[in-house]
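All of these numbers come straight from a predicted model, not from anything done at the bench. Letters A, B, ... are given to chains in the order of the sequence lines, protein chains preceding strands, and every chain is numbered from 1.
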Number of protein chains: 2
Amino acid sequence: MKLCGRKAQRTRAHGLHFFLANMHTCSLASKHDTLVKESIQFNKFLHSGIWYRSGMTDTSKKPPSRPRRVTAKTVADLAGVSRSAVSRAFTPGAYVESEKRRRILQIAAETGYQPNALAAGLKGGQSNLVAVFVGDMRSPYDAAFVGQLTRRLIGMRKWPILVDQANGQPEAALDDLLRFPLDALILRGGSMSQQIVERCARFNVPTISSGRPVEGPGVDTVCCRNADGLRRLTELLVQRGCRRFGFLNGPREFYSSSQRRTGVLQALTQAGLPLVAEARGDYTVEGGHAAALELLNRHRIDALICANDAMAIGALAAARAVSLDVPGDLAVTGFDDIDMAGWPIFNLTTVRNPIDQAVDAIIHLLDLRQAEPKKAPDRIDLDPVMIERGTH
Amino acid sequence: MKLCGRKAQRTRAHGLHFFLANMHTCSLASKHDTLVKESIQFNKFLHSGIWYRSGMTDTSKKPPSRPRRVTAKTVADLAGVSRSAVSRAFTPGAYVESEKRRRILQIAAETGYQPNALAAGLKGGQSNLVAVFVGDMRSPYDAAFVGQLTRRLIGMRKWPILVDQANGQPEAALDDLLRFPLDALILRGGSMSQQIVERCARFNVPTISSGRPVEGPGVDTVCCRNADGLRRLTELLVQRGCRRFGFLNGPREFYSSSQRRTGVLQALTQAGLPLVAEARGDYTVEGGHAAALELLNRHRIDALICANDAMAIGALAAARAVSLDVPGDLAVTGFDDIDMAGWPIFNLTTVRNPIDQAVDAIIHLLDLRQAEPKKAPDRIDLDPVMIERGTH
DNA sequence: TTGTACGCGTTATCAA
DNA sequence: TTGATAACGCGTACAA
């Protein structure tokens, strides 16, 4: 058993002179019309971040593809201490003589050294990487969701890898992604197809599905009570005198679509009213416009309930196109309460699908599972909020 | 009618007690009716992904916090081959007897083994991680940009870590992020403050700045010819008879703001016309509405050029509020050509800041630098496209 | 307080 | 074609 095998690599060429030589060639490469500026840049970069290239492999026939990061070993040599001292200098509670720590951090700053998170994660079991799956970033709701979630995750030093489901071949890409030891998988399942969500949930990575309940060990769920929201909204419309209802449904494979439809039907059944007309859109403004236009041309209704705000906004344009006054001739409502819904030009009556609460819940579930990885799946249900504006 | 009034209503009535109460009932509910299913699920998961826990550390006093991933060693033992054989089975061009490879892959599939990308990156020098910095996901332009870029990156198996600059303390977070050996840093600099952009560019990670030119070795740039775009647009308005111009500027610290203003001034100077009025918004619809409202109340103008589409859309509402007909009394124009600009309700005359071309350019620069890491900085300039619609 | 040695999971090299 | 072994960069138990 060879214990001191690493000692063999003492023949490395390094030291400050090496850096300078390296920097020199670098600055030559980028020489151009700004010669004076260059030297300023040079000094600036000397103190902010330096690439270290192994001297040994430099002479080999292979092109030294990419300069390597500065490593703890380099800093240790430069500071005349052991590599573990450098590691300790970067560990909050560790024992290092304060003067020595100061010197190490000084040199680290000059060389731009940062502990390699990948190597650290390899040992510690935590990568601090989290995958966030989302349906389509063009959807205002998804975009807002991602924005808020991202901020929260970064605040707790988890780094979100964003995956847009609209990719061509998610299957192969998914496998590649799961080669990373992710701390968690967050699915904005409400806007994703069943297939993808279920597939994701089968990997043994702690998973949180938002917007679609998923069964499976280690899979927690955050859900909005979709049916409740549209049931109450429909009741309100009935109470306001609407009698001939139309429903603009979302894509078949989205969970929220069927949930929301259920709420409408519950209220209508209760009131003894029929669903006069129904159409399907794709949750976009354009799709909603087209679907609503056709529906309004075929049927006479006095209320059009849309499965989300984007389609409702498209429907408003459609109503205008066929000269229907909103809300005089026709009530139009949405779901989600995206920012746009509140703009005076739309002033859309809708149901708020609370993003901030959903994100809070996700973070909470993340904490819980991190504390106890093998706990039973949890589920948090969120109550939607009626937002009465001017289109009903 | 106040557009930005809604921001004030931040009702955070929900705290931890809410979640706990909610969760308790829910988890009980879902656990209750699926007792039988549970064991089936268990078996299913046994064959789709297995966590392997080291037998040695199991007996130690520490709580075995998280089950470990299946590793190549495990698969090798199960298949009765060496670790290297497993590694080779997953390497496309490697020598493994086809029958042996088949067996290895079979067992890998059963155990859910995937090579650990972190460990592979540690060795190979490529992490396949890319950081994407963006101003604010609530901006439709940034959201669309991120969506397209994400899809392209994932297509080439680079994984985007999304960082929303709107975070509170980006400084500390930034340091933490850079502990990852990122393959590249992509900055949507047009919507970020100078400070952040320059700070990012100082790390010796291959960097691509989109929307703001940045000097530095290893920093490539993709830029839209902002000034050109608004110069041509202004010329068009002059030609159409506009004489009293107002300009709705963007945030001071955004590069695109001053660029776009320059274009307007060039055209006006050329035509011998003054800039009658000027105001600053924050690139949001709400901000644009407020700024435009005040500007229109103070000055009589016949053309309002806005530095981006979002503000222009806010300005349209402001014009309506002060009973100005667009385009009869007032021309209103934007910049970017976000989806919304094309909606019939807005039908906004604008200048397209081509996202697809920008993303293409970014990917191209990424490839170039990957092939030759030390090459001189490159810069690609994009030509904006006039989009004449109905507001001029 | 400091340094040595080992393990994390991979890929690459080299000898068999 | 295969298996042993050396890196990769880090944290850390352990000995000094």
Please write out the pairs of protein N or O atoms and N or O atoms of nucleotides 2-4 of chain D separated by less than 3.5 Å, giving the distance to one decimal.
| from | atom 1 | to | atom 2 | distance (Å) |
| --- | --- | --- | --- | --- |
| D:dT2 | OP1 | B:Lys100 | NZ | 3.2 |
| D:dT2 | OP2 | B:Glu97 | N | 2.8 |
| D:dG3 | OP2 | B:Ser82 | OG | 3.3 |
| D:dG3 | N7 | B:Arg88 | NH2 | 2.7 |
| D:dG3 | O6 | B:Arg88 | NH1 | 3.3 |
| D:dA4 | N7 | B:Ser84 | OG | 3.3 |
| D:dA4 | N6 | B:Ser84 | OG | 3.3 |

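Between A:Lys375 and A:Asp220, the closest side-chain pair of non-hydrogen atoms falls below 4.5 Å. The closest side-chain heavy-atom distance from A:Thr150 to B:Val163 is not below 4.5 Å.
Between the C1' atom of C:dG9 and the CG atom of B:Leu122 lies a distance of 9 Å, rounded to the nearest Å. Between the CZ atom of A:Arg69 and the P atom of D:dG9 there is a distance of 10 Å, rounded to whole Å. One can place CD of A:Gln126 at 15 Å from C1' of D:dC10, the figure rounded to the nearest angstrom. In this structure, CZ of A:Phe180 is placed 21 Å from P of C:dC8, rounded to the nearest angstrom. Straight-line distance from the CZ atom of B:Arg83 to the P atom of C:dT13: 17 Å, rounded to whole Å. At whole-Å resolution of the value, NZ in B:Lys73 and P in C:dT10 are 12 Å apart. Spacing between atom CG of B:Asn116 and atom P of C:dT11 amounts to 9 Å, rounded to whole angstrom units. A:Leu118 places its CG atom 22 Å from the P atom of C:dG7, with the value rounded to the nearest Å.
Here the nucleotide nearest the side chain of B:Lys123, chosen from C:dT10, D:dG9, D:dG11, is C:dT10.
Contact check, A:Thr71 against D:dC10: a side-chain N or O comes under 4.0 Å of OP1 or OP2.
Using a 4.0 Å cut-off between charged side-chain N and carboxylate O, A:Asp175 and A:Arg179 make no salt bridge.
Contact annotation for B:Glu99: no contact, since no heavy-atom pair falls under 4.0 Å across all strands. Within the nucleic acid shown, A:Phe90 has no heavy atom closer than 4.0 Å to any nucleic acid atom.
Of all heavy-atom pairs between A:Thr221 and A:Leu365, the closest is O-CD1, 3.8 Å.
Partners of B:Tyr113 according to the ring pair (Phe, Tyr, Trp, His ring centres under 6.0 Å) rule, which considers only residues two or more places apart in sequence or in another chain, are B:Phe90. Residues satisfying the side chain to side chain donor-acceptor pair (under 3.5 Å) criterion with A:Ser87, sequence neighbours excluded, are absent altogether.
Checking side-chain atoms of B:Arg369 against main-chain N and O of B:Thr207 turns up no donor-acceptor pair under 3.5 Å.
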